[in-house]
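Input: one structure, supplied below.
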Amino acid sequence: MNPENLSAALAHIVRSAVDAGDINLPAEAVPEAPRVERPKSRDHGDWATNIAMQLGKRAGMNPRQFAEIVAPKIQELDGVASVEIAGPGFINITLDAAAAGELARTIVEAGEAYGRNDQAVGDVVNLEFVSANPTGPLHIGHTRWAALGDAISRLLRASGASVTNEYYINDYGAQLETFAASVWARMHGQDVPEGGYPGQYVHEIADAILAEDPTIKDKTYDEALPQLRTRAYQIQLEDIRATLDEFEVHFDVWFSESKLHEDGAVEQALERLKAQGHTYEQDGAFWLRTTDFGDDKDRVLIKADGKPTYFAGDAAYYLSKKDRGFEQKIYLLGADHHGYVNRLRALAACAGDDMDDNIEVLIGQLISVNGARLSKRAGNIIELRDLIDWLGVDALRYSLARYPNDSPMEIDPDLLRSQTNDNPVFYVQYAHARSRSAARTADAQGIVREVEKFDAASLNHPAEEELLSKLAQFPSVVGAAAKGRAPHRVARHLESIAAAYHQWYGACRIVPAPAQDGTKPAPETVNYSRRWLNDATTQVLANGLGLLGVSAPEKM
RNA sequence: GCCUCCGUAGCUCAGUGGAUAGAGCGUCUGCCUCCGGAGCAGAAGGCCGUAGGUUCGAUUCCUAUCGGGGGCACCA
């Protein structure tokens, strides 16, 4: 019996009562999945529901009356030990120890599948994130989106969605000229031009191109430019891709902006927007009337000089996603693109989509380091690669996925570098490693998982009940995290599982304690049963860490 | 000026309208002859920025206000 089962049973009970005329409610008022939560206080049972307070008023009765009708039916469910009505109308449910303990076996048997849920079944999602300009290495500002975006992708997939991770390559426009000009300048020992890219990596790219083609140095700037422009960004993009691979972040599609322009997709997009009726011409430019859908000003698609704006590329890109069958287009953007949200949403609406259902823009707060923000142009870059070297992928990904995307993060590099146990990833990984170590010890004493030696009812210590309840909540946490695009909920829940595990470990022995004379007593049923619980915890920790892209070590 | 995010323990931060608001770090006190002490048990520490409103019930939703971050291009 887990919260999902209870919730479904509860919905059924209420619906039956409505059908029987005991409760006067329209059928559609009964939620499909009434909320079933773990009460904060153990005095309030194993699980509690507030459905009587939710529906009581609409049914024209006070919540306690409502609860009086429902509670006896809950009492009849298999695995329910007792039901109490408390306070203003909470229904508190206590399970049989056996019903709770059975979960240990369920989890072990489900293995990697435990935690998967149907929260997002049927969703076809395009998830665009990072999309850093290929004019420099990935730095700390991109790092958060890489970790979060990938974790969101994993969450959605675990919740049944079909997800495509996509990286939009800004390989079109003046910035590549500037980038190439910077490379050219470095190649000839000059300072980079005004507004160029001053970083050390530009030297390295210049050297790499020179190594490929020593003759390029003798060409004039105009002769060399096309080659520089192409190779410089390709080399940089390859570096970005390699860094992301190292970070365990993988994209399904690398989408080129310039291809949109070359293929005529931009012109076609403009035609389609025109056909939708939200465009006009003014002052020699071609505009999209985004103010029809909540933007604070209209946006130019074609400038008076006849060239498309960056936004025109965005329009074509959006339509490409739509044409490729993605119903949901999720954009993960940094706070510096905050001003973009309204126009992107309006763009979706101008293209005939629903701006609430078909597009979702997640804005993340920037990371600051010691109070100083980072800027590529200012040259004070902390590269992702350096961060990986300092901290390792696990610590970095975990600490980034541990906070909501809209929460500002401040990073103290010294603290991060210290790799001390104030980083919660060690706490969670340690619990996993410890459970594996305990399993090895149990193996050595022949305490292995055997179905006939598993007695769910023997897992009745308070620490076991607590641990089991945390494990039971895992699938709904994953589902809620997917729905809320909030990987940090998984991280926080893993921390609470780790805590419950450590407490259990302190209170309940898996292998029997040696006697005074050092001999080992024969294991009892409870020892075998605890082995199942231990391994179930291992499984949930591993599954949860996997969702965050963090490893689950056997030993530390 | 307009838009947006954030104000919760000394610090960094969780908290999907519910019961006594949580965790880590830091401080203090205990716990390994026994499965990993990177752990556990306990203590101290809060007018949830402020003021109204909605509700049976608000840290959570709405309005106002104060304080802090970010954004407001025919750039990309």
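Atom set for the values below is all heavy atoms of this structure, side chains included, hydrogens, waters and symmetry mates excluded. Naming: A, B, ... by sequence-line order, numbering from 1 per chain.
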Identify whether NZ of Lys or CZ of Arg in A:R343 sits under 6.0 Å from the centre of the six-membered ring of A:Y340 and within 45° of that ring's axis.
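Judged by the rule (NZ or CZ under 6.0 Å from the ring centre, within 45° of its axis), A:R343 counts as positioned above A:Y340.
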A:T441 vs B:G36: side-chain N/O to OP1/OP2 distance below 4.0 Å
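Yes.
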For A:D171 and A:S256, indicate whether the former's side chain and the latter's backbone hold a donor-acceptor pair under 3.5 Å.
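No, the answer is negative, given that no donor and acceptor are paired below the 3.5 Å cut-off.
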What does A:E554 touch in the nucleic acid at a heavy-atom separation under 4.0 angstrom: a base, only the sugar-phosphate, or nothing?
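A:E554: base contact, heavy atoms under 4.0 Å.
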Tell me the interatomic distance from A:R492, atom CZ, to B:G22, atom P, rounded to whole angstroms.
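Checked: the CZ to P distance equals 15 Å.
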Given B:A19, B:C5, B:G18, the nucleotide with the shortest approach to the side chain of A:P39:
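From the listed options, B:A19 comes nearest.
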Using a cut-off of 4.0 Å on non-hydrogen atoms, how would the nucleic acid contact of A:Y172 be classed: base, sugar-phosphate, or nothing?
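The answer is sugar-phosphate, as A:Y172 gets under 4.0 Å only of primed atoms, P, OP1 or OP2.
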Just call it for A:G339: base, sugar-phosphate, or nothing, with non-hydrogen atoms closer than 4.0 Å on any strand.
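Touches sugar-phosphate only.
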A:P404 side-chain proximity, nearest of B:A14, B:G70, B:C75:
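The closest nucleotide is B:A14.
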With the side chain of A:K555 defined as its heavy atoms from C-beta on, choose the nearest nucleotide among B:A14, B:G36, B:U4.
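For the A:K555 side chain, the nearest candidate turns out to be B:G36.
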Heavy-atom nearest nucleotide on RNA chain B for A:A48 versus A:G173: which residue maps closer to 5'?
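Its nucleotide being nearer the 5' end, the pick is A:A48.
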Can you check whether A:V300's main-chain N or O pairs, donor with acceptor, with A:T309's side chain at less than 3.5 Å?
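Checked: pair present.
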Evaluate the ring planes of A:Y168 and A:Y317, with Trp represented by its six-membered ring, and classify them as parallel (under 30°), tilted (30 to 60°) or perpendicular (over 60°).
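Ring orientation of A:Y168 relative to A:Y317: parallel.
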Applying the 5.5 Å / 30° rule, does A:F90 stack onto the base of B:A19?
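Per 5.5 Å and 30° rule: yes, stacked.
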Gap between atoms CZ and C1', on A:F311 and B:C72 respectively (whole Å)
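Rounded to the whole Å, the gap is 15 Å.
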Could you tell me whether A:A285 contacts a base, only the sugar-phosphate backbone, or nothing, with contacts defined as non-hydrogen atoms closer than 4.0 Å?
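Base contact - A:A285 has a heavy atom under 4.0 Å of at least one base atom.
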Check for me whether A:R492 meets the cation-pi criterion with A:Y403, that is, NZ or CZ under 6.0 Å from the six-membered ring centre and within 45 degrees of the ring axis.
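Here A:R492 passes the 6.0 Å and 45° test against A:Y403.
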Does NZ or CZ of A:R38 fall inside the cone over A:W47's six-membered ring, less than 6.0 Å from its centre and within 45° of the axis?
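Judged by the rule, A:R38 and A:W47 form a cation-pi pair.
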Whole-Å distance separating the CG atom of A:N50 from the P atom of B:U55:
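In whole Å, B:U55 P and A:N50 CG are 19 Å from each other.
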Relative to the 5' end of RNA chain B, which residue comes earlier, A:S407 or A:Q503, by the nucleotide with the nearest heavy atom?
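The residue closer to the strand's 5' end, by nearest nucleotide, is A:S407.
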Just call it for A:A304: base, sugar-phosphate, or nothing, with non-hydrogen atoms closer than 4.0 Å on any strand.
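Base, at least one base atom sits under 4.0 Å.
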With pairs taken as Watson-Crick or G-U wobble and both distances under 3.5 angstrom, which stems of at least three consecutive pairs involve RNA chain B?
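RNA chain B forms these stems: B:1-7 with B:66-72, B:10-13 with B:22-25, B:27-31 with B:39-43, B:49-53 with B:61-65.
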Write down the distance separating the P atoms in B:G49 and B:U59, rounded off to the nearest Å.
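About 10 Å, rounded to a whole number of Å.
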Is A:S437 close enough to B:G36 that one of its side-chain N or O atoms is under 4.0 Å from OP1 or OP2 there?
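Affirmative; the distance criterion is met.
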Identify whether any heavy atom of A:N92 sits under 4.0 Å from a base atom; if not, whether one sits that close to sugar-phosphate; answer base, sugar-phosphate or nothing.
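A:N92: base contact, heavy atoms under 4.0 Å.
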Rounded to the nearest angstrom, tell me the gap between atom OH in A:Y340 and atom C1' in B:C5.
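Interatomic distance, OH of A:Y340 to C1' of B:C5: 20 Å.
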Tell me whether the rings of A:W532 and A:F454 are parallel (<30°), tilted (30 to 60°) or perpendicular (>60°).
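Ring orientation of A:W532 relative to A:F454: tilted.
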Would you indicate what A:Y430 reaches in the nucleic acid, counting non-hydrogen atoms under 4.0 angstrom: base, sugar-phosphate, or nothing?
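Counting heavy atoms under 4.0 Å across all strands, the contact made by A:Y430 includes a base.
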